[in-house]
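Everything on this sheet refers to the single structure shown next.
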Amino acid sequence: MKKLYSAWFGGYWSPYLVMALAGILSAVYFGITNTVWAVTGEFTRLGGHILEFFGVDISDWAYFSLVHMKGTTWTRTDGWIVWGMFIGALITILLSSNFKIRVPRQKRRYVQGFAGGIIAGFGARLALGCNLAAFFTGVPQFSLHSWIFIAATAAGTFLGARLVNTKWWKGKPVLHKGGTVPVVGTRKNRQPWIGAILGIAYIGLILYFFAEGRTMLGTAALFGAAFGILIERGQICFTSAFRDLWISGRATMTKAIALGMAVSSVATLIIILVYGMDPITKIAAPSTLLGGLLFGLGIVMAGGCETGMMYRLMEGQVVFLPVFIGNIIGATALAYAWDHMGIFNLLVKSGSPINLITAMGPAAALIVTLLVLGAMFAIAAYWQKNYRFGEGFKKGGTTDVR
Amino acid sequence: MSVDLTLDIRGESCPYPVIYTLETLRDMSKGQTLQVISDCPSAFRNVPEEVVKHGYTLVQEPVKNGQEFSLFIQA
């Protein structure tokens with residue numbers, strides 16, 4: 001029992017395995033609910049509810065009718081995906097005794113996180129999705145907008161990486177001479193017990209949803225927790241998938257995410273064909289490009305995207321609280337600017353939803369998608385092998401990495 | 001084993017643990033040992049990986065202490 005426990009919670013899981021599983025689960029979730037695994041749409045609705053609470057009349061805001069403000073976050077599947085992810089991640093963090101209030105020593109991190117969160121929230125909603133709906137679950141829907149978004153995000157993270165590497169942004173760490181003997185505490189560790197109780201209570205809630213006949217809410221609560229557990233256990237970070245390429249040439253996440261999207265594309269196409277479903281296609285427009293660029297910049301400034309932020313916050317990394325608040329403010333600001341400041345007319349109206357399946361048929365759509373993902377994987381592997389911190393690409397003298 | 005420098009980056013999140021560690025190692029002379037103390041869960045994986053990729057060696061197993069850990073790296 002103890003051995004089994006430490007195999008699951010002693011160390012982190014392989015990011016490749018985790019992303020492949022998330023890819024299959026997100027395809028199944030689409031098959032059951034006809035919606036995709038996404039989070040920022042719900043952040044926008046949360047912003048809308050906050051405005052309503054303060055008496056703002058949002059009934060004529062076009063963006064809120066676009067994302068549907070029906071019910072509360074507790075009666076929506078998109079809501080339970082978000083809360084399920086928070087709770088699922090918290091359960092495994094507690095089971096592995098990894099919760100700790102982690103306070104950044106440099107106060108500037110709060111400002112940076114808040115600013116980055118706003119930019120990332122604004123950019124994601126401008127593009128109609130974050131690293132999920134316009135990326136990880138967008139590509140398997142064969143929606144062209146996600147490819148534009150991915151390319152733009154990569155460019156945005158390049159700008160972000162340049163910014164965070166400047167002296168005034170990163171600041172100075174604590175460095176002193178000699179070694180430091182860690183103070184080994186003997187405090188009782190109650191975290192796994194709290195995690196187990198929380199886990200059981202949450203399973204109870206899911207069963208309650210099913211018993212009450214609210215099958216879709218139960219499904220969302222279940223899948224949300226599964227996604228939260230997976231991204232926490234795999235320490236999945238979409239931010240690092242691009243940012244780390246520019247910084248030290250680390251490509252583990254890039255490769256894992258490409259693999260996960262390939263698995264998900266095959267699984268999603270099977271579900272689309274077998275059940276005769278329509279893929280979810282979003283508008284590809286100049287807004288997708290600009291949104292991706294802002295999103296890429298924002299997530300690097302914040303140190304995490306809208307998904308990574310969730311489990312980091314549960315780990316007790318307090319710097320992600322201003323990031324979360326910033327995400328909601330940014331998403332809400334976009335909802336305002338959408339019609340009140342002419343963003344829709346200027347950047348979105350000219351676009352149209354383009355789906356690869358409709359454009360070239362299912363077989364070609366899958367082949368093209370897998371080829372591009374394969375190329376992404378190969379470039380990432382080459383990058384990891386040849387790119388070095390502070391030097392960039394070096395001729396010769398490569399080190400072998402797995 | 002004698003440690004020459006300690007880099008205390010508790011509270012710092014990605015990408016700063018990797019950046020600070022590689023920067024510090026670059027400024028150290030060859031053969032010196034650096035201890036990195038961190039509590040960033042991702043850093044437990046990406047700092048050792050990047051350090052080895054950049055040609056440095058881990059001189060002993062990481063020491064875990066609750067949610068914190070120490071890495072010992074030779075420049």
- Item | Shortest non-hydrogen contact between Glu50(B) and Gly249(A), atoms and distance | OE1-C, 4.4 Å

- Query: Which bit of Ile247(A) comes within less than 4.5 Å of chain B, counting heavy atoms only: side chain, backbone, both or neither?
  - Reply: side chain

- Can you tell which of Gly178(A), Ser240(A), Ala161(A), Ser97(A) has the highest number of heavy-atom pairs within less than 4.5 Å of chain B? Gly178(A)

- Query: With a 4.5 Å limit on heavy-atom distance, are the side chains of Pro41(B) and Asn98(A) in contact?
  - Reply: yes

- Side-chain heavy atoms of Phe99(A) within contact of Gln67(B), under 4.5 Å: no

- Applying a strict 4.5 Å limit to non-hydrogen atoms, the region of Ser248(A) in contact with chain B is both

- Message: Suppose the criterion is salt bridge (Lys or Arg N to Asp or Glu O under 4.0 Å): which pairs have a residue in residues 88-102 of chain A, not counting sequence neighbours?
- Response: Lys100(A)-Asp39(B), Lys100(A)-Glu68(B)

- Task: Just give me the residue among Glu391(A), Met253(A), Glu315(A), Arg250(A) that pairs up with chain B most often, heavy atom to heavy atom, under 4.5 Å.
- Result: Arg250(A)

- Task: Begin from the C-alpha positions of Gln384(A) and Lys53(B) and carry the test side-chain contact (heavy atoms from CB on, under 4.5 Å) through to its verdict.
- Result: CA-CA 9 Å; Gln384(A) 181 159 20; Lys53(B) 191 179 94 175; 4.1 Å; yes

- Using a cut-off of under 4.5 Å on heavy-atom pairs, state which of Gly308(A), Gly303(A), Gly171(A) scores highest against chain B. Gly171(A)

- State the NE2-CG distance between His176(A) and Asp8(B), to the nearest 0.5 angstrom. 5.5 Å

- Item | Exercise: identify the closest heavy-atom pair between Arg243(A) and Pro15(B) | NE-CB, 3.5 Å

- Task: Determine, stepwise, if the pair Ser13(B) / Val319(A) fulfils side-chain contact (heavy atoms from CB on, under 4.5 Å).
- Result: CA-CA 9 Å; Ser13(B) 303; Val319(A) 72; 4.0 Å; yes

- Report the distance from atom CZ of Arg312(A) to atom SG of Cys40(B), rounding to the nearest 0.5 Å. 6.5 Å

- Residue among Leu22(B), Thr24(B), Val18(B), Leu34(B) with most heavy-atom pairs under 4.5 Å to chain A: Leu22(B)

- Looking at Thr180(A), Val174(A), Leu175(A), which one forms a side chain to side chain contact (heavy atoms under 4.5 Å, CB included) with Leu7(B)? Leu175(A)

- Identified side chain to side chain contact (heavy atoms under 4.5 Å, CB included) partner of Glu12(B) from the options Arg109(A), Arg105(A), Gln317(A): Arg109(A)

- Atom group of Val103(A) that falls short of 4.5 Å from chain B, counting heavy atoms: backbone

- Query: Using non-hydrogen atoms only, which part of Phe320(A) is less than 4.5 Å away from chain B: side chain, backbone, both, or neither?
  - Reply: side chain

- Pairs where residues 23-35 of chain B contributes a residue and the test salt bridge (Lys or Arg N to Asp or Glu O under 4.0 Å) is met, not counting sequence neighbours: Lys170(A)-Glu23(B)

- Indicate the atoms forming the closest heavy-atom contact of Arg45(B) with Gly234(A), along with that distance. NH1-O, 3.3 Å

- Item | Shortest non-hydrogen contact from Gln112(A) toward Tyr16(B) | OE1-OH, 4.1 Å

- CH2/Trp169(A): more than 12 non-hydrogen atoms of other groups inside 6.0 Å: yes

- Message: To the nearest 0.5 Å, what is the distance between CD on Glu49(B) and CG on Asp244(A)?
- Response: 10.5 Å

- Query: Side chain, backbone, both or neither: which part of Gln191(A) has a non-hydrogen atom closer than 4.5 Å to chain B?
  - Reply: side chain

